[in-house]
Every structure is written in C-alpha cells, then in structure tokens.
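Atoms within a ligand are numbered from 1 in the order they appear, just like the ligands themselves.
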Amino acid sequence: MAMVSMPFSVRSLNSPNLRPTKRYSVMAFAASRKEAVSVGVKITTQGEGHLPKLVLTSDGGSEAEIYLFGGCITSWKVPSGRDLLFVRPDAVFDKTKPISGGIPHCFPQFGPGKMQQHGFARNMDWSLVESENVEGNPIVTLELKDGPYSRAMWDFSFLARYKVILSTKSISTELIVTNTDNKPFSFSSALHTYFRASISGVSVKGLKGCKTLNKDPDPKNPIKGREERDAIIFPGFVDCIYLDAPEELHLHNGLGDVISIENTNWSDAVLWNPHLQMEACYKDFVCVENAKIGTVQLEPKQSWRATQHLSIA
Ligand SMILES: O=P(O)(O)OC[C@H]1O[C@@H](O)[C@H](O)[C@@H](O)[C@@H]1O
C-alpha cells in the first residue's frame with residue numbers, strides 16, 4: 001500500500017507517491033458477485049441491472065459507487081450518509097442508453113454537434129485498470145479505448161484514463177485523454193454532474209463576470225451574454241454555458257450542504273435544470289458541469305489532463 005501524509009486535493013492528484021499498486025482486468029471479476037479488489041474497493045454485479053459496479057469506502061466513512069458502463073460515478077455519500085449526487089428516476093441500467101445521473105462523461109463532444117448528444121464515452125464499458133488505498137482513501141483508475149462503436153462515430157484511436165480518489169469529505173477525479181492515433185484529433189468534453197438538490201433553495205456562486213452562451217431557447221444558436229449575478233438561482237428552465245469559468249465554484253444545494261467545485265483545466269462550466277421538461281424530478285437536482293466547450297486539439301501522442309475536486313467543509 002502506498003502511503004502519503006498530505007491531505008487530498010486536486011493538487012494531490014499530482015503526487016508522485018500515488019503510484020499504482022495493482023492492475024486488474026474487469027473480466028476477472030465478472031463472474032463473482034462481490035469481490036474485494038483492494039482495501040476499500042469492491043466490485044459487485046449486484047448493482048442496478050446487474051451491471052458491474054465499484055463500491056469505494058473510505059476509512060473516514062464516505063462511500064462512492066462507480067458503474068463501469070459509462071465510467072459513471074452514481075453515488076457520493078459523505079460520512080453523515082447523505083448522497084450528494086442524484087440519479088434520475090428515469091435512469092435505466094441496461095446499456096440501452098447512458099445512465100442519467102451521477103457524473104456521466106461527455107466525450108468527445110459536448111454537443112449539440114455532428115455526433116449523438118454528449119458523445120459516446122457514457123455509452124461504453126470502461127475497464128478498471130488500477131486500484132489502491134492510500135491512508136484509508138480508496139483510489140481507482142478506469143480506462144476507455146476506441147472500439148468499433150466509437151470508431152463508427154469518430155474514427156480515431158484514443159486512450160482516456162479516469163482516476164477517482166475518495167476521501168472523507170471529497171471526491172476527486174483526473175481525466176487524461178491521449179491521442180494514440182497517427183493523425184491529430186480535436187474534442188470537447190464535460191463532467192455532467194447531477195447534484196442532489198432542492199431546486200427552490202439552490203444557488204451557484206462564482207460565475208459573475210463570465211461570458212455566457214445561453215442555450216435557452218435554441219441550443220443550436222446560443223445567445224451570447226455576460227453573467228451579472230453573484231448567485232445564480234433556478235426559478236425556471238436553465239441551460240447555460242459559462243466560458244472561462246473560475247477554478248472554484250460553490251453550490252448551495254438547498255438541502256443544507258455547500259459543495260465546493262474545484263477544477264484545473266476544465267475551462268468552462270454549464271448549468272442545467274430542465275424545469276417542467278422533467279416534471280417528475282426537476283425539483284430534486286441541478287447539474288453543475290465542469291466542461292471544455294472550446295475544442296482541445298491533440299497531435300499524435302499528446303495528452304490533455306483535467307481535474308475536478310468536489311468537497312464539503
Ligand atoms: O443527456 P442528459 O443527461 O439528459 O442531459 C441533457 C442536457 O445536458 C446539458 O448538459 C445540456 O446543456 C442540455 O442542453 C441537455 O438537455
């Protein structure tokens with residue numbers, strides 16, 4: 001077990017001490033119903049739809065769940081037992097569509113665009129490649145590579161590595177996309193985080209002064225503007241991109257939690273609440289998404305890296 005004494009933060013994702021201790025093939029676990037992978041990490045097929053799911057438990061009492069389908073973190077429970085993420089009641093777990101909730105990946109397109117909405121990474125099986133535990137905090141790394149399904153939409157070879165670190169009061173992710181092709185490619189991306197909320201009490205702080213692209217009413221022709229408010233509230237439908245957003249936002253979820261949303265290299269942000277378009281659940285969540293809306297260009301062998309750090313005080 002690797003040991004470090006520093007607190008977990010976005011910066012700790014850079015630590016040379018966080019070396020992989022074990023490499024795993026998901027197939028090796030597919031037959032077992034629930035198996036420990038490393039301390040604080042279990043894989044089970046007893047999740048929704050019997051899809052393989054990782055369950056991370058920290059010594060500090062937090063817990064997270066990650067489906068390999070879509071590489072989607074569906075649950076982040078802080079030590080009080082409160083789940084700060086939200087999965088929509090219409091979510092399905094049969095691979096016919098992406099999991100609607102938690103932290104889905106949008107890659108290699110945020111959209112709208114030529115490809116299906118939000119790309120294909122949330123519709124594919126990711127592999128568990130590394131698992132370790134550092135001072136009671138479980139860490140897993142998932143990988144996604146191109147295959148026939150992705151090639152049919154985007155004819156490039158790529159490698160995406162997604163590291164997730166759970167600690168007592170935070171969950172951190174690092175996404176590294178590498179061009180493994182012999183020709184350049186470009187992409188856009190986002191972490192489409194669904195936070196549990198009581199929408200009438202929600203506010204998002206930190207975006208004042210940002211340039212905006214308001215996708216309401218027409219997502220294909222967003223209206224340019226500038227955010228003037230200190231605190232953004234959600235009295236109706238909201239679907240808005242914030243360009244060059246700061247590295248830290250604060251979400252008051254209306255349920256008593258204040259969540260710090262830090263990032264490096266996710267240069268933009270998106271706020272979304274569907275209001276009456278999803279009458280059954282819009283009051284119960286808000287999406288605050290770290291995004292890269294302007295495309296990233298990668299030459300062969302080049303990589304792009306971005307981190308997200310969600311935490312409570
Ligand atoms: O694909 P999902 O999870 O239903 O999310 C859709 C929404 O995702 C948001 O990120 C977009 O800004 C919206 O325009 C879109 O409607």
Subject >> Greater than 12 external heavy atoms within 6.0 Å of Asp244's CG >> reply: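 Result for CG/Asp244: open.
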
Could you list the atoms of ligand 1 found under 4.0 angstrom from a heavy atom of [X]?
X: Glu289; value: 9 (C), 10 (O)
X: Phe110; value: 10 (O), 12 (O)
X: Arg122; value: 1 (O), 2 (P), 3 (O)
X: Val270; value: 12 (O)

Original post:
Applying a 4.0 Å heavy-atom criterion (strictly less than), which segment of Gln116 is in contact with ligand 1: side chain, backbone, both, or neither?
Top reply: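 Neither part.
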
[atom] - nearest protein heavy atom and its distance:
atom: atom 3 (O) of ligand 1; result: Tyr194 OH, 2.5 Å
atom: atom 4 (O) of ligand 1; result: Arg88 NH1, 2.9 Å
atom: atom 12 (O) of ligand 1; result: Asp239 OD1, 2.6 Å
atom: atom 5 (O) of ligand 1; result: His192 NE2, 3.1 Å

**OP:** Report the C-alpha distance between Glu227 and Lys208 in whole Å, list the side-chain angles of each, state the deciding distance to 0.1 Å, and finish with yes or no for salt bridge (Lys or Arg N to Asp or Glu O under 4.0 Å).
**Re:** CA-CA 5 Å; Glu227 183 57 65; Lys208 187 177 182 179; over 6 Å; no

N-O pairing of [X] and [Y] below 4.0 Å:
X: Asp90; Y: Arg88; value: yes
X: Asp125; Y: Lys95; value: yes
X: Lys292; Y: Asp268; value: no

Subject >> Donor-acceptor side-chain pairing of Ser303 and Thr178 below 3.5 angstrom >> reply: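 The criterion, which ignores hydrogens and geometry beyond distance, is satisfied for Thr178 and Ser303.
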
Original post:
Judged by modelled atom types alone, do Gln277 and His275 share a side-chain donor-acceptor pair under 3.5 Å?
Top reply: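 Side-chain D/A pair, Gln277 to His275: absent.
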
Original post:
Does any N/O atom on Gln117 come nearer than 3.5 Å to any N/O atom on ligand 1?
Top reply: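 Between Gln117 and ligand 1, no N or O pair is found under 3.5 Å apart.
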
**OP:** Could you walk me through whether Asp83 and Lys77 pass the salt bridge (Lys or Arg N to Asp or Glu O under 4.0 Å) test, one step at a time?
**Re:** CA-CA 4 Å; Asp83 196 335; Lys77 284 187 188 153; 5.3 Å; no

Original post:
Contact between Gln277 and ligand 1, counting heavy atoms under 4.0 Å?
Top reply: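 Gln277 does not count as a contact of ligand 1 under the 4.0 Å cut-off.
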
